[in-house]
Amino acid sequence: MAEDLVLDTAIRDWVLIPLSVVMVLIGVLRYFVSKLMRSSPTPDAKMVKEGQVVIRARNLKAGANFIPPKSFRARRFYFSNEENGLLHVPKDQAQNPQAQMFSDPNMAMDMMKKNLSMIIPQTLTFAWVNFFFSGFVAAKIPFPLTQRFRSMLQNGIDLSTVDVSYVSSRSWYFLNLFGLRGLFSLILGDENAIDDTQRMMQMGGFGFDASKMCVKRCRLLSHWNEHYYSGFWSSAIDGLSYNQLNKAGAPQGLSSMLCLSKLARTCAVPDTTAYCLKASRRLFHMGSPSNEKDPQEVLHATDK
Amino acid sequence: MVTKTEERELNELENQVENGGGGVWEYLCLVRKLKVRRSEIVLKHGLSILNDSGKRSSLGPDEWTLYEQVAVAAMDCQSLAVAQNCIKVLQKKFPESKRVGKLEALLIEAKGMWEEAEKAYSILLEDNPLDQVIHKRKVAMAKAQGKPSLAIEHLNKYLEVFMADHDAWRELAEIYVSLQMYKQAAFCYEELILSQPTLPLYHLAYADVLYTIGGLENLIAARKYYAATIDLTGGKSTRALLGICLCGSAIAQLSRGRNKEDKDMAAPELQSLAATALEKEYKQKSPAKLNLLSSALRSLKLS
């Protein structure tokens, strides 16, 4: 039955506005309390160094085409060397970030404080709203909703025939919770520590773990070689596609395959070189089995 | 690096302030934000605000940052008495403060008493071993005392921890160049190019260093980097154009006895293009020197 309910303006005066005002005041209070309780974190030398190493490795990968190949290789070796490369973290040392967080007492205390400062006011306010402002229709949402939202938005209203657009004050509380973020950034300036929604999203993934990033950088750098010689050479290799050569008959195919393997060797792409050598050997034996020279020998001879 | 809009805004405010208009406080805030070095103006106008107790109290808590800024500017202009007064006021307000301790050590350094300054900085470093500013002050002291090798040592130690600090790499590169250690300077410039590949300044400096080291490979690389600089500056870098001409003639000289493959590397078209561009620019900007340029270019092509 979709009939319009007339809501008392007293609801607006005594429910909606006071609830918003109270939430704003609690937010401001939390901001000042967090400012007072904040302890300046002493940066760990190892963490700082790891962070900077990751930045430098990222720059190396991004700007790899701008420096001479020798210097690039030297730096890549410096970073991803097996024994003492900066990014190389041996397997047993790469700790689980969660375990690390709980073992470090300072960090654990900080996290506890942050979480508590968020959870306690939320819980208290929620309980207060439920206690005082339940059991009546507080507002009407301007757009229609499906029946599924009934349990969420109409907790105190036990009539199942009321339109779902009429919600209780609990939904007003949630609206304020997520919506007052903009207002707080206006009043309190940019640095407000009560960004609840962001904090809740952060709770899922635990932030910065330098050692994992180091391992990732190391792997990226060691695979980077294939992409380094981009441009002319790789397009040449692509152009001389393998299938075409295989179909093109033995002698021509052979010389092109030799040429291709020489190219691949110049670009230090070992897989391609090996493939081409195998293919050229196959073509060679197909075409002229009486010929003494092995394709590999021919390849080495032309190198000189 | 300061962007163009910020630089323009800074210059506008500076003109306004110098010619008696208002806006001193905005100018000081902008200088502080951009970390630009305009010590004389800051000192003059900052002092005028601080000496006027009405304006001073209107600043509120920002008064102390202004004191700090004026103190540093005073030390830069060698008016150590002014700096001493500012620091005394700050000390009274914030005793036992690390930030004020840094200023005191800076004052000792400005007076030229190197050993005491060294001691003061070491004490500060003990409390906070990861303070970038103090490390850089130590490097500056070593440089001021005329001990570049000590400065290099300190910088290297600093860069082992803070390796993403491109200002430090730049400083190290310049010290190496002043000591003629060109290979190490080339390494530093490579780091700079990696971190900021769109800045033509680093490409130009790297090309200069490569050209100085010499050798055919380096000359070819230097020419590539000069070309990159021209590309990045849209053809406006005179130094890079001249660099290309010089590289071209040097390469031609070195590869005179070699076979055809290396002769192709000489790329005479590039050299002639650069020469024409240079002559055009000289005709525009300083036609008096055009003859000099033409004779120099001709001698390069012949050799």
request  = Examine whether an atom of B/Y189 lies under 4.5 Å from a heavy atom of chain A, and if so say whether it belongs to the side chain, the backbone or both; otherwise answer neither.
outcome  = neither
query = Non-hydrogen atoms of chain A under 4.5 Å away: do they reach the side chain of B/E217, the backbone, both or neither?
reply = side chain
request  = Would you name the heavy atoms of B/L125 and B/I134 that are closest together and state the gap between them?
outcome  = CG-CG2, 3.7 Å
B/F94 and B/W64 aromatic ring geometry - parallel, tilted or perpendicular at 30°/60° bounds = perpendicular
Heavy-atom pair count under 4.5 Å with chain A, highest-scoring of B/V161, B/L194, B/I193 = B/L194
query = Is it the case that more than 12 heavy atoms not belonging to B/E174 sit under 6.0 Å from its CD atom?
reply = yes
inquiry  = For B/D131, run the side chain to side chain donor-acceptor pair (under 3.5 Å) check against B/R137, B/K98, B/K136, B/K102 and tell me which one passes.
reply    = B/K102
